[in-house]
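Before any comments, here is the structure.
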Amino acid sequence: MLARRSLARIATQPSPLGAAPKNARNMATLREIELRLKSVKNIEKITKSMKMIASTKLAKAQRAMQSGKQYGLANSEIYQHTPSETPAKRKLFIVVSSDKGLCGGIHSSVSKATRRAIADTEKPVDADSPIMVIGDKSKMQLSRVLSKNLAMSFNQIGRDIPNFADAAGVADLIVKSNVKYDGISIVYNKFVSAVSYEPDVIEVAGENALKESAGFRAYEMEDDVTKDLAEFSLANAIYAALVEAHACEQSARRNAMDNASKNAKDMIDRLTMQYNRGRQAAITNELVDIITGASAL
């Protein structure tokens with residue numbers, strides 16, 4: 001009983017700190033909106049800057065892509081005259097991506113295309129076909145579902161505009177890796193336009209496939225000829241895929257930053273309206289209190 005009376009006495013006593021003003025909650029809310037508004041404006045500045053940088057890089061990447069496509073055309077002319085008689089069962093999949101993000105779903109598109117190619121029933125391949133990945137982004141995605149198939153990965157390639165030396169270095173490491181395969185499929189993003197891309201596959205014949213083709217069997221040649229041609233054609237195909245994938249990446253990054261800037265602008269408009277409404281409500285409440293007090297006197 002005594003404890004109840006003590007608690008009731010304490011509850012009825014005024015707080016030593018004084019009562020909080022009625023509009024304290026509005027003041028805190030306005031302060032939070034103001035800080036968030038400032039944060040979104042800073043983010044908008046960053047996304048606009050990244051969009052401008054990506055636009056500049058896209059123009060350079062497109063010029064490099066046009067010259068790099070000639071390497072892929074040279075390969076296709078060779079394979080037209082040397083078709084493979086037996087389909088490859090154990091394929092080496094080379095997935096072309098990059099180490100950077102903030103470019104939409106460009107990395108997940110090649111990862112999904114690789115998973116579909118391995119699980120394809122119309123053109124079946126061995127379930128344990130090796131995978132080599134250029135770029136850390138697709139490597140992290142494929143390591144979750146196809147970790148046993150990952151044989152090698154490359155990073156820090158094509159940080160600016162890819163060149164033939166990068167492709168030749170990758171091809172040399174692939175040849176020296178002693179990974180067994182019957183054919184090679186390079187999975188990359190094909191440049192459709194400045195706002196769209198799609199995953200595509202470049203088929204590259206191996207050394208044994210070139211030797212067994214009817215076009216090469218018609219001539220007498222040394223073994224080093226087909227070996228060197230296979231390595232050179234692999235480097236050509238990788239370079240063509242690298243430059244086109246780089247152009248797709250810059251295009252996707254520009255579009256992603258453009259969308260982010262538009263979303264930031266919409267959010268700024270909503271927060272500004274919310275801040276103004278809250279500020280007007282706080283001013284109205286203060287005026288009501290002043291008028292009420294004046295009328296009471």
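For residues 124-142, every residue pair satisfying the salt bridge (charged side-chain N to carboxylate O under 4.0 Å, His left out) rule, not counting sequence neighbours, is listed here: R90-D128. Among pairs with a residue in residues 259-297, none fulfils ring pair (Phe, Tyr, Trp, His ring centres under 6.0 Å), at least two apart in sequence or across chains.
Partners of A241 under the side-chain contact (heavy atoms from CB on, under 4.5 Å) rule, at least two apart in sequence or in another chain, are V96, I186, Y188, I202. Every residue was checked against the salt bridge (Lys or Arg N to Asp or Glu O under 4.0 Å) condition with K123, not counting sequence neighbours, and none meets it. Checked against salt bridge (Lys or Arg N to Asp or Glu O under 4.0 Å), K48 has the following partners two or more places apart in sequence or in another chain: E44. In this view, R253 and E249 satisfy the salt bridge (Lys or Arg N to Asp or Glu O under 4.0 Å) rule, not counting sequence neighbours. For the salt bridge (Lys or Arg N to Asp or Glu O under 4.0 Å) test, no residue two or more places apart in sequence or in another chain qualifies with D200. Applying the ring-ring contact (aromatic ring centres under 6.0 Å, His included) rule to Y197 yields no partners; only residues at least two apart in sequence or on another chain are considered. A search for ring-ring contact (aromatic ring centres under 6.0 Å, His included) contacts involving F232 returns nothing, not counting sequence neighbours.
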Sequence neighbours excluded and cut-off under 3.5 Å, please list the side-chain donor-acceptor pairs for residues 258-274, or say none.
{"unit_1": "D258", "atom_1": "OD1", "unit_2": "K51", "atom_2": "NZ", "d": "3.1"}
{"unit_1": "N259", "atom_1": "ND2", "unit_2": "N255", "atom_2": "O", "d": "3.2"}
{"unit_1": "S261", "atom_1": "OG", "unit_2": "T47", "atom_2": "OG1", "d": "3.0"}
{"unit_1": "S261", "atom_1": "OG", "unit_2": "M257", "atom_2": "O", "d": "2.9"}
{"unit_1": "N263", "atom_1": "ND2", "unit_2": "N259", "atom_2": "O", "d": "3.2"}
{"unit_1": "T272", "atom_1": "OG1", "unit_2": "I268", "atom_2": "O", "d": "2.6"}

Which donor-acceptor pairs under 3.5 Å do the side chains of residues 57-67 make with protein atoms, sequence neighbours left out?
{"unit_1": "S67", "atom_1": "OG", "unit_2": "A64", "atom_2": "O", "d": "2.9"}

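In the hydrophobic clustering (ILVMFWY side chains linked at under 4.5 Å, chained through shared members), V145 is joined by F93, V95, V110, I118, V125, I131, V133, L142, L146, L150, V187, V201.
Atom NE2 of H107 is separated from atom OG of S138 by 6.5 Å, given to the nearest 0.5 angstrom.
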